[in-house]
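All remarks here apply to the structure that follows.
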Number of protein chains: 2
Amino acid sequence: MLTFTEENYLKSIYHLSGEGQKPVLTTQLAEGLDTRPATVTDMLKKLAAKELIVYEKYYGVELTRKGKAEALTVIRKHRLWETFLVEKLGFSWDEVHEVAEQLEHIRSPLLIEKLDIFLGRPKADPHGHPIPDKHGKLPVTAQTPLAAVAVQQQATVRAVRHASSVFLKYLSKIGVYIGASLQVTERNAFDHSVHIVIDGKKKAFLSREASENILVTPG
Amino acid sequence: MLTFTEENYLKSIYHLSGEGQKPVLTTQLAEGLDTRPATVTDMLKKLAAKELIVYEKYYGVELTRKGKAEALTVIRKHRLWETFLVEKLGFSWDEVHEVAEQLEHIRSPLLIEKLDIFLGRPKADPHGHPIPDKHGKLPVTAQTPLAAVAVQQQATVRAVRHASSVFLKYLSKIGVYIGASLQVTERNAFDHSVHIVIDGKKKAFLSREASENILVTPG
DNA sequence: TTAAAAATTTAGAATAATCTAAAAAAAAAT
DNA sequence: ATTTTTTTTTAGATTATTCTAAATTTTTAA
Ligand SMILES: [Mn+2]
Ligand SMILES: [Mn+2]
Ligand SMILES: [Mn+2]
Ligand SMILES: [Mn+2]
């Protein structure tokens, strides 16, 4: 059975690896988990001994099939709980992450199954992030950053890339939300900042960085 | 900030003290927390240093005002979560305790407040146990064990004393539930076992021990 | 009132997670 | 091809929780 710390490491490795492509480095993990590289090295040895990761000294780590499955279970729980907090308890999307960070470690397959049913088997969390099914399968979606959308093109907001509280609060303030219909009316050639119209009504101005972190589908 | 372990100790001390009457002994805690007396002694020193308990060597422990408040917060969370699991997720009353044992340690005052509202500020959990309000106040109730109810007297089930899974499953099987109307039709003078009628329909036979653990109000 | 039994505490050790400082390896720069 | 810098690992500690075994205190029973 995994400790909370071990679960957090697996989740972090999963996210940092880009869903399993590149190996993850010690310093990346130290950064992401807000701990010291020496601490990470210790934990990597432990996870490798449990066959949850493949760890090659000085090179980096990858998840094993088992480690990936564990990571996806934690991610599933995290996203289901975030959905619960927003849909049922009336949290706003910028308030849920920290609480879900705790709830994701609750161990009860029955609870997760019943929660999933209660929520109507949601496909995505309040930030548009896909929720793995109970077998760890993720729905595939073709989303592009708003930064890549052509001027005059119509697009629908599907997700945010980074779900930091400040960024989400900012989006709420200017009127951007999951499902909103956006149109880029102008793109500054110098810094790639954009003017947008939301739902054909509200106007807003976004930096390139912001537009990189809003994921949309055309139409 | 308290660790899970510290919270469990405070809760256990609260329950074992009979809501703060008698001092709690080392072996009682070791028994209740499924750990060794030596381990308990260590933890008691720690809790005493934090001024959550008054610990007198060889004599026993009592909660301080601060310790009692912490214990009641954990109990409040435990019972709100149990209510959620039964009312919203469709758990049965014999399935919720273990999960609530985990959920009770989630730290988020906002979550508890919103959960309380979502549930309609319930006064009691699925076992009839009173839910402390956010200030730690417990509703007072005058309940008597079914064992003390006179033959032919009408009584309504309000709570169960011990919420062990086997006992709860047994009650469900014979048709006893919170809110059920009971009538003792016969009491065996030898072993105090009773014959009861549930809701004027179903008949059942209960040992003295079972009837001690069913709490009712007259009428 | 002493001796035996039970309860409790202390001593010493283990595991988990963390840290700082030093050593070693790899990568980058001259 | 060296030297310098950066990254990573190792070594040695620290805190939290837990244990077993031994010592101590309290309680119970002769
Ligand atoms: Mn999150
Ligand atoms: Mn977490
Ligand atoms: Mn319970
Ligand atoms: Mn608990």
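The analysis underlying the following values was restricted to heavy atoms, covering all of them including side chains, and did not include hydrogens, waters or symmetry mates. Numbered from 1 within each chain, the chains take letters A, B, ... in sequence-line order.
Between A:Asp116 and A:Arg76, at least one side-chain N (NZ, or NE/NH1/NH2) sits under 4.0 Å from a carboxylate O, which counts as a salt bridge. A salt bridge links A:Lys11 with A:Glu101: at least one charged nitrogen is closer than 4.0 Å to a carboxylate oxygen. The residues A:Asp94 and A:Lys169 are annotated as salt-bridged, a charged nitrogen and a carboxylate oxygen being separated by less than 4.0 angstrom.
Aromatic ring pairs are classed by plane angle as parallel below 30°, tilted from 30° to 60° and perpendicular above 60°; the pair A:Phe84 and A:Trp81 is perpendicular.
Per the geometry, CD belonging to A:Glu6 stands 14 Å off C1' belonging to C:dT18, to the nearest Å. A:Met1 places its CE atom 13 Å from the C1' atom of C:dA16, with the value rounded to the nearest Å. Atom CG of A:Asp34 and atom P of C:dT18 are 10 Å apart (whole Å). A:Gln28 has its CD atom 8 Å from the P atom of D:dT8, to the nearest Å. Here C:dT15 presents its P atom at 13 Å from NZ of A:Lys50, a figure rounded to the nearest Å. In this structure, B:Asp42 places its CG atom 9 Å from C1' of C:dT9, rounding to the nearest Å. Remark: P of D:dT25 and OH of B:Tyr59 are 20 Å apart, rounded to the nearest angstrom. Per the geometry, CZ belonging to B:Arg36 stands 15 Å off C1' belonging to D:dA22, to the nearest Å.
By the neighbour-count criterion of 12 heavy atoms within 6.0 Å, atom NZ of B:Lys68 is sparsely surrounded, having that number or fewer from other residues, nucleotides or ligands.
For A:Thr5, taking side-chain heavy atoms from C-beta onward, the closest of the listed nucleotides D:dA16, D:dT8, C:dT18 is C:dT18. Taking only side-chain atoms of A:Thr27, from C-beta outward, the nucleotide of C:dT8, D:dT7, C:dT9 with the closest atom is D:dT7. Considering only side-chain atoms of A:Tyr9, the nucleotide from D:dC19, C:dT18, D:dT10 that sits closest is C:dT18.
A:Thr26 comes within 4.0 angstrom of the backbone, heavy atoms only, and of no base.
In this structure, A:Thr35 reaches the C:dC19 phosphate: one of its side-chain N or O atoms is under 4.0 Å from OP1 or OP2. Proximity of B:Tyr55 to the phosphate of C:dT8: no side-chain N or O atom is located under 4.0 Å from OP1 or OP2. A close approach under 4.0 Å does occur between a side-chain nitrogen or oxygen of B:Lys57 and OP1 or OP2 of C:dT10. Between D:dT18 and B:Thr39, no contact under 4.0 Å exists linking OP1 or OP2 to a side-chain N or O.
Two residues, A:Tyr58 and A:Phe4, neighbour DNA chain C, and the one matched to the more 5' nucleotide by heavy-atom proximity is A:Phe4.
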